[in-house]
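Shown next, in structure tokens, is the structure this report addresses.
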Amino acid sequence: MGRTREIFTAYPGKPETQDGLYSEDETRLANRNSGLLLETLRHDITPTGAHYLLIHFDIPHLDAQRHQLEFGAGFDAPYSLSMDDIRALPAVTMPVTLECAGNGRARVSPRSHSMPWGVEAVGTSEWTGTPLAPLIERARPAEGTVDFSFTGADVGFDKGEKHPFGRSLTPQELAELDVLLVYEMNGQPLLPQHGAPLRIVVPGWYGMASVKWLTRIEALTERYTGFQQVQTYRYRDHADDPGRPVTAIRVKSLMVPPGVPDWGSRLRFIEPGATRVQGRAWSGGGVPIVRVEFGVDGQWQDAELIAPVGQYAWTGWHVDWQASPGEHVLQCRATDAAGHVQPLQPPWDASGFGNNMVHEVGVFVGSA
Ligand SMILES: Nc1nc2c(c(=O)[nH]1)N[C@H]1C(S)=C(S)[C@@H](COP(=O)(O)O)O[C@H]1N2
Ligand SMILES: [Mo]
């Protein structure tokens with residue numbers, strides 16, 4: 001009892017308040033871009049309002065009645081589609097787990113200056129739309145096309161360069177990935193913050209590829225050089241490294257923090273005895289999860305897997321743990337069918353991309 005109170009009033013490791021730990025800019029970013037609440041991992045499909053958000057610039061105010069998607073430059077048979085045209089096409093609904101490539105950045109040291117995600121930049125939604133590849137085919141890409149560009153309606157500055165948010169995919173990537181042109185999320189029209197009225201979803205890739213507020217697709221005979229394609233979203237060993245493009249999601253898992261939290265620190269309190277711990281695991285490129293291990297103070301045991309929510313969506317897992325009194329560090333670690341295992345330490349990246357280290361939750365087991 002005394003110990004419980006002590007640990008929750010002055011829990012060990014609580015840092016002294018320090019100015020400049022995060023810059024004002026980063027705090028602003030963190031307040032614009034919300035993350036998933038870990039307890040919502042209990043839901044197969046993330047409640048819409050709890051899905052993470054990443055918005056580089058401002059949300060454009062688009063009128064769905066007048067919105068047109070243009071298949072423009074570089075096509076031999078250019079055309080455009082209204083939202084009504086798109087809704088009349090064959091519809092597909094697909095559960096897809098999206099994760100921001102910067103998820104986990106706050107654990108990478110030394111850090112780069114960007115959105116300070118902990119572990120929560122992930123979510124799974126049922127996306128409804130129509131397959132994109134046949135629509136691109138219909139516009140007849142000109143001979144020698146090597147890239148397709150996807151341009152959003154949002155514009156802003158990064159590193160002094162003004163640009164719309166845009167990304168590209170090669171014809172081969174388009175053929176291999178089940179890219180959807182999406183207008184609904186969880187059975188409702190897309191919310192403004194998730195790309196209304198139209199976005200793409202690139203299943204199995206980190207979120208940057210899933211361009212929101214989509215207005216234009218072009219076919220290019222030279223590789224696309226948009227800022228968000230070539231100047232960022234690259235794995236770099238150091239700031240001057242041209243790097244390698246960030247593409248498929250790396251294997252990862254999260255747990256619902258068990259017990260109840262302390263308001264300020266989020267440290268968990270658990271009564272001793274049988275405790276069920278549950279969570280989710282996922283990987284990129286449609287690769288299934290084959291194993292999740294649950295660790296208590298560095299001792300690992302296998303968790304039980306529940307069927308995946310979809311080919312491109314996370315897999316549930318749970319484990320029964322006999323919680324013994326004291327402080328413990330709980331961890332979870334997933335392995336995918338390609339043999340990739342989550343590392344215990346963050347993989348090095350100069351911009352903090354692709355950090356798929358194991359999830360750790362500190363708990364105190366006692367009586368209160
Ligand atoms: N037009 C546009 N598309 C965008 C972005 C953006 O800022 N503008 N952010 C990207 C990034 S980095 C991510 S992780 C996902 C986030 O999608 P969500 O906010 O719907 O979760 O959208 C991607 N698509
Ligand atoms: Mo992202």
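Numbers for residues simply follow the sequence, beginning at 1. Just so you know, ligand 1 is whichever comes first in the structure, and atom 1 is the first atom listed for that ligand. These numbers were taken from a predicted model, which means no experiment stands behind them.
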Stepwise side chain to side chain donor-acceptor pair (under 3.5 Å) check, Asn186 with Thr48: CA-CA 7 Å; Asn186 303 332; Thr48 305; 2.8 Å; yes
Residues which pass side-chain hydrogen bond (donor to acceptor under 3.5 Å, both in side chains) with Asp240, listed by chain and number, not counting sequence neighbours: none
salt_bridge(Glu26, Arg28) N-O dist < 4.0 Å: no
Just list the N/O pairs, ligand 1 to protein, that are under 3.5 Å apart, with the distance for each.
from     : atom 1 : to     : atom 2 : distance (Å)
ligand 1 : 1 (N)  : Asp154 : OD1    : 2.8
ligand 1 : 1 (N)  : Asp154 : OD2    : 3.2
ligand 1 : 1 (N)  : Lys212 : O      : 2.9
ligand 1 : 3 (N)  : Lys212 : N      : 2.9
ligand 1 : 7 (O)  : His56  : N      : 2.9
ligand 1 : 7 (O)  : His56  : ND1    : 2.8
ligand 1 : 8 (N)  : Asp154 : OD2    : 2.6
ligand 1 : 9 (N)  : Leu54  : O      : 3.2
ligand 1 : 17 (O) : Arg199 : NH2    : 3.3
ligand 1 : 19 (O) : Leu54  : N      : 3.1
ligand 1 : 19 (O) : Lys212 : NZ     : 2.5
ligand 1 : 20 (O) : His194 : ND1    : 2.6
ligand 1 : 20 (O) : Arg199 : NH1    : 2.8
ligand 1 : 21 (O) : His51  : ND1    : 3.3
ligand 1 : 21 (O) : Tyr52  : O      : 2.8
ligand 1 : 24 (N) : Ser210 : O      : 3.0

Hydrophobic cluster membership, Val296 vs Ile270, 4.5 Å side-chain cutoff: yes
Over 12 non-hydrogen atoms of neighbours within 6.0 angstrom of CD in Glu161: yes
Whether over 12 other heavy atoms sit under 6.0 Å from Arg276 CZ: yes
